[in-house]
Amino acid sequence: MKEKIQDSLKGILSDLYDNSDFNVDQYVINIQENKEKEHGDLASNIALILAKPLKKQPKEIANEVIEQFVVDKDITKVEVAGPGFINFFLSKSSHGEVLKDILAHKDNFGKVQSNNKKILIEYVSSNPTGPLHVGHGRGAVFGSVLSRLLKEAGFEVDEEYYVNDFGRQMNILSTSLWIRYAQLFDDQIKMIKNGYQGDYLISVAKKLKEIKSDQFYKDKGIISNLLNSNRELDDETFTDLLIDTIKTELDSNFVYLRNFALDEIIDLIKKDLIDFGVDHNKWFYESSLYQEKEGAESKVDKAINNLKSNKFIYEKDDAIWFKSSDFGDDKDRVLRRSNGEYTYFASDVAYHLDKYDRGYDRVINIWGSDHHGYLPRVRAAMEASKRNIEKLEVVFIQFANLIRQGKKVTMSTRSGEFITLKELVEEVTSEAARFFYINRKADQHLDFDLDLAKEQSKDNPLYYIQYAHARICSVLRKSDVQEDKLNKCDLALLDSDKEVEIQKMLKQYPALIERAALSSEPHLICYYLKDLASIFHSYYNSEKFLVENQDLMNSRLYLLTGVKQVISNGLSVLGISAPQEM
RNA sequence: GCCCCGUUAGCUCAGUCGGAUAGAGCGCUGGAUUCCUAAUCCAGAGGCCAUAGGUUCAAAUCCUGUACGGGGCACCA
C-alpha cells in the first residue's frame with residue numbers, strides 16, 4: 001500500500017513540477033503511519049520537503065497534489081492537514097489483506113527471501129577456564145537472537161565461539177587441575193592462590209583419575225614438595241615455577257592434561273549454552289592460529305609479516321610493536337613481548353584477518369562494553385592490512401545487575417562467589433532469562449529482577465505475552481472451526497476500532513523484523529509483542545468471539561489466528577516457546 | 001587528563017531517515033467476571049524529554065558546550 005501511494009505521488013509530482021531545474025527523483029517520498037486516527041492511516045510530508053526547492057507554500061503544493069490523486073476502493077479519502085501533510089484514509093476492508101498473508105505464510109510470515117549475503121557473528125567467547133556465569137548471559141542471548149533475526153531477514157549466518165586456548169591461562173588451568181587431581185591422593189595439598197578455585201575442577205579431576213588412575217601423580221613427589229614448601233617467592237613467580245616443574249615432570253603427558261582440562265571445560269560451556277538456547281555452529285581455537293602446517297608460517301606470523309611489509313611494525317625494548325597510532329589509536333600496541341611471547345592482540349589480528357579471508361559480507365563481534373577501548377586497535381590492524389573496516393561491526397553490551405527482593409545481588413569473580421548461568425537458568429527458566437536479558441537496548445544498563453522473572457502474572461511481560469497466545473488457542477479449540485473455512489470469511493466485518501488497530505499492527509511485523517535485524521535492536525521485538533498482546537487482551541475483554549452469527553464468528557477467529565501466528569513467530573525469533581495452554 | 005555510553009512520569013523503561021496533542025508497565029485512586037482462561041480488562045491523576053545554545057517549515061530525536069551517572073585507558077586476557 002505504501003509503495004502504491006509512493007508511486008502515484010511520484011507520478012503526480014513529476015507531471016506537475018519536473019523541469020530543467022527540478023527532478024522529483026532527488027527526493028525520497030516518505031510515507032509514515034499515523035498515530036492519530038483523525039489524521040487517517042498514512043501520511044506523507046513530501047509537500048513540506050518540497051516547499052523550499054519549489055519556493056512555494058507547503059499547503060499549496062499539497063493541494064495541487066491531492067487534486068490529481070485518484071481514490072479507489074482501498075484509498076477512500078485524501079486530505080491536506082496541519083502545516084501541509086497529505087493524509088490518506090484506507091478502507092476498512094483493505095486492512096484484512098495482512099490476515100490472508102499471514103495464513104498463507106504461517107511460520108514464515110515476516111521472513112525475507114535469501115539475499116545471498118553471509119554474516120559471521122562471534123559472541124560469548126568466554127575464556128575456557130570455568131563455567132559461564134551470569135555476566136556472560138546477556139551477550140549470549142543477544143548474539144543468539146541477533147543471529148535468528150538476521151536469518152529471518154534473509155542472511156546466511158554463522159555463529160562462532162572464539163576459544164582462547166593459548167598462553168599462560170591454559171597453563172594455570174592445567175596446573176589447577178593437577179592440584180585437584182593430586183588432592184585425590186593427598187588431602188594435605190592446597191590449591192594455589194592464582195589457581196582456578198571453583199569446585200568444577202574437582203569433578204574434572206575425578207574423571208581424570210578414573211581414566212589415568214595415579215599415572216600423573218605417582219613419582220611426582222617433586223611437585224608435591226614444591227607445593228608444600230615454605231615459599232619466599234611472590235605468587236606470580238611461584239606459579240611460573242610450578243608450571244615449569246609440572247611441565248618437566250609430566251613431559252609429554254602435560255599436553256594430555258591440558259587438552260583434557262580444555263575439552264572438559266568446553267563441554268561444560270557447550271552444555272550450559274545449549275540449555276540456554278544458544279547454539280554456536282562454529283568453534284574457533286586460538287591455538288590454531290599458531291600452528292605451522294608443513295613448515296609454512298603460522299597465521300599469527302603471517303599477519304605480523306603482512307603488517308611489516310606495509311611498514312607498520314617496529315622493534316623497541318626487545319618487543320615488536322604495531323603502529324596503531326597511525327590509524328587513530330591512542331598509542332602503539334605490542335604484538336610480541338620482550339620475553340618472546342605473543343600478546344592476545346597478536347592472535348586477534350590474525351583471527352580477524354582469518355574472518356575476512358573466509359569471505360563474509362559482514363563480520364559482527366559482540367563484546368562487553370568494558371572492551372570498547374580495544375576496538376580502535378583492531379580496526380587499525382585491519383586498516384593497516386588493507387581490509388575494508390566497514391565490514392567489521394562491534395556491538396557493545398552493557399552489564400546487567402541481578403536484583404533479588406529489590407536489592408542488587410553482589411558477586412565477586414575473584415573469590416569464586418559468582419552465580420553461574422546454569423544456576424540462573426535453573427532458577428528462572430531459560431525462556432524467562434532470555435526474555436529479560438533481551439528486553440532492553442544493548443547499550444543500556446539492565447536490572448534483571450529475578451523475582452519478577454519467576455512471577456506468573458501480567459506484571460511479568462513474558463507471561464503476559466504467552467498468556468495471550470494460550471488464550472487464543474483455547475478459543476480456537478472451543479470453536480472447532482476448520483481453517484479452510486476461515487479463509488472464506490468476510491473481512492469487512494472486522495471494522496471496529498480495535499479490530500482495525502490489530503490488523504494494522506500485524507501489518508507492521510515484517511518491517512519490524514527487518515529493522516530490528518539491520519539495526520541490531522532485538523529488544524524491539526519484545527516491545528512489539530507486549531503491545532500486540534495488550535491490544536489483544538483488550539479486544540478479548542470487549543468482544544465475544546464464539547457468537548451465533550457464523551460469518552462474524554469466522555472473521556473474528558480469522559483475526560485471532562493471525563494474532564496467534566505473529567505472537568508465535570515473534571517468540572520463536574527470541575528462542576521462546578508459545579504455549580498452547582497455561 | 002583523554003575516550004565510549006547514558007540522562008524522558010514517583011520507579012523501571014520505549015520512542016520508526018527529525019513530523020501533527022511525548023507513550024507503556026509498576027505504584028497510586030476508582031471500577032468491570034452468571035459468558036470464549038480475571039494469569040485479564042476499563043477509567044483517572046502524574047512531564048521544563050538533565051541544562052544552555054545552534055541547525056530546520058518542524059527537535060526528546062541532528063550539532064556544540066556544561067552538569068550528573070556508568071565504563072575504559074597493560075609488554076593482561
Side-chain angles (χ1 to χ4, degrees), chain A residues 28 30 32-36 38-39 43-45 47-49 51-52 57-59 81-85 87 125-127 129 164 166-169 286 316-321 329-331 333-345 347-348 368-376 396 398-399 403 406 439-447 449 452 455-461 463-464 466-468 470-479 508 511-512 515 519 521 523-524 526-528 530-531 533-534 536-547 553 556-557 560 581-582:
Chain A
V28 178
N30 184 26
Q32 68 189 57
E33 279 144 35
N34 284 332
K35 286 178 230 165
E36 298 294 323
E38 292 72 30
H39 297 143
S44 178
N45 62 353
L48 294 159
I49 305 262
K52 192 167 240 182
Q57 289 296 313
K59 280 192 169 180
F85 288 102
N87 291 334
S125 299
S126 153
N127 287 335
T129 53
N164 303 125
F166 193 81
R168 188 162 180 263
Q169 60 171 353
E286 182 186 7
K316 193 181 83 179
D317 306 332
D318 296 330
I320 295 179
W321 295 72
D329 197 8
D330 295 338
K331 48 178 285 197
R333 306 291 173 177
V334 170
L335 290 166
R336 203 183 74 191
R337 293 188 267 160
S338 50
N339 66 4
E341 284 176 25
Y342 289 100
T343 59
Y344 176 84
F345 176 54
S347 317
D348 238 8
S369 60
D370 54 335
H371 283 72
H372 81 85
Y374 192 73
L375 178 58
F396 293 102
Q398 274 290 355
F399 298 119
I403 308 289
N439 183 29
R440 195 66 85 224
K441 271 192 303 198
D443 57 8
Q444 284 273 19
H445 288 277
L446 164 68
D447 284 338
D449 188 330
L452 184 59
E455 204 166 299
Q456 308 205 349
S457 75
K458 77 186 210 80
D459 295 352
N460 178 341
Y463 270 83
Y464 185 77
Q466 289 183 316
Y467 179 48
R471 252 184 161 176
I472 295 173
C473 291
S474 173
V475 174
L476 293 174
R477 267 196 305 274
K478 290 225 157 76
S479 76
Q508 290 167 11
L512 171 88
R515 190 184 146 220
S519 61
E521 296 180 305
H523 71 282
L524 294 175
C526 298
Y527 283 89
Y528 172 85
K530 270 184 271 183
D531 286 346
S534 168
F536 159 74
H537 283 307
S538 170
Y539 180 46
Y540 184 95
N541 275 276
S542 68
E543 299 288 355
K544 203 165 154 48
F545 311 127
L546 304 179
V547 290
M553 180 176 87
R556 286 180 177 172
L557 292 179
L560 292 198
E581 50 189 293
M582 291 170 80

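In what follows, every heavy atom counts, from backbone to side chain, and hydrogens, waters and symmetry copies are set aside. So that the names make sense, note that chain A is the first sequence line, chain B the second, and so on, each numbered from 1.
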Identify whether any heavy atom of [X] sits under 4.0 Å from a base atom; if not, whether one sits that close to sugar-phosphate; answer base, sugar-phosphate or nothing.
X: Lys544(A); result: base
X: Asn87(A); result: base
X: Phe396(A); result: nothing
X: Lys530(A); result: nothing
X: Ser538(A); result: sugar-phosphate
X: His39(A); result: base
X: Leu524(A); result: sugar-phosphate
X: Ala319(A); result: base

Exercise for review: Any chance you could lay out the side-chain contact (heavy atoms from CB on, under 4.5 Å) test for Asp443(A) and Phe396(A), step after step, and finish with the verdict?
Suggested key: CA-CA 7 Å; Asp443(A) 57 8; Phe396(A) 293 102; over 6 Å; no

Practice item. Kindly point out which of A14(B), A39(B), A77(B) is positioned nearest to the side chain of Thr343(A)? Key: A77(B)

Practice item. Among G70(B), U37(B), A14(B), find the nucleotide with the atom closest to the side chain of Ala470(A). Key: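 The nucleotide sitting nearest to the side chain is U37(B).
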
Using atom names, set out every protein N or O paired with an N or O of nucleotides 23-29 of chain B below 3.5 Å, distance rounded to 0.1 Å.
unit_1, atom_1, unit_2, atom_2, d
C26(B), OP1, Lys458(A), NZ, 2.6

**Study point:** Secondary structure of RNA chain B in dot-bracket form (Watson-Crick or G-U wobble, distances below 3.5 Å, | marking inter-strand pairs)
**Key:** (((((((..((((.....[...)))).(((((.......))))).....(((((..]....))))))))))))....

Practice item. Please measure how far the P atom in A20(B) lies from the corresponding atom in A67(B), and state the result in whole Å. Key: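 Approximately 33 Å lies between the P atom of A20(B) and that of A67(B).
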
Practice item. Please identify each residue that fulfils ring-ring contact (aromatic ring centres under 6.0 Å, His included) with Tyr463(A), with sequence neighbours left out. Key: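 If we apply the ring-ring contact (aromatic ring centres under 6.0 Å, His included) test to Tyr463(A), skipping adjacent residues, there are no hits.
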
Check your understanding: Is there ring stacking between Tyr344(A) and C76(B), where the centres must be under 5.5 angstrom apart and the planes under 30 degrees?
Key ->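 Here Tyr344(A) fails the 5.5 Å or the 30° condition.
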
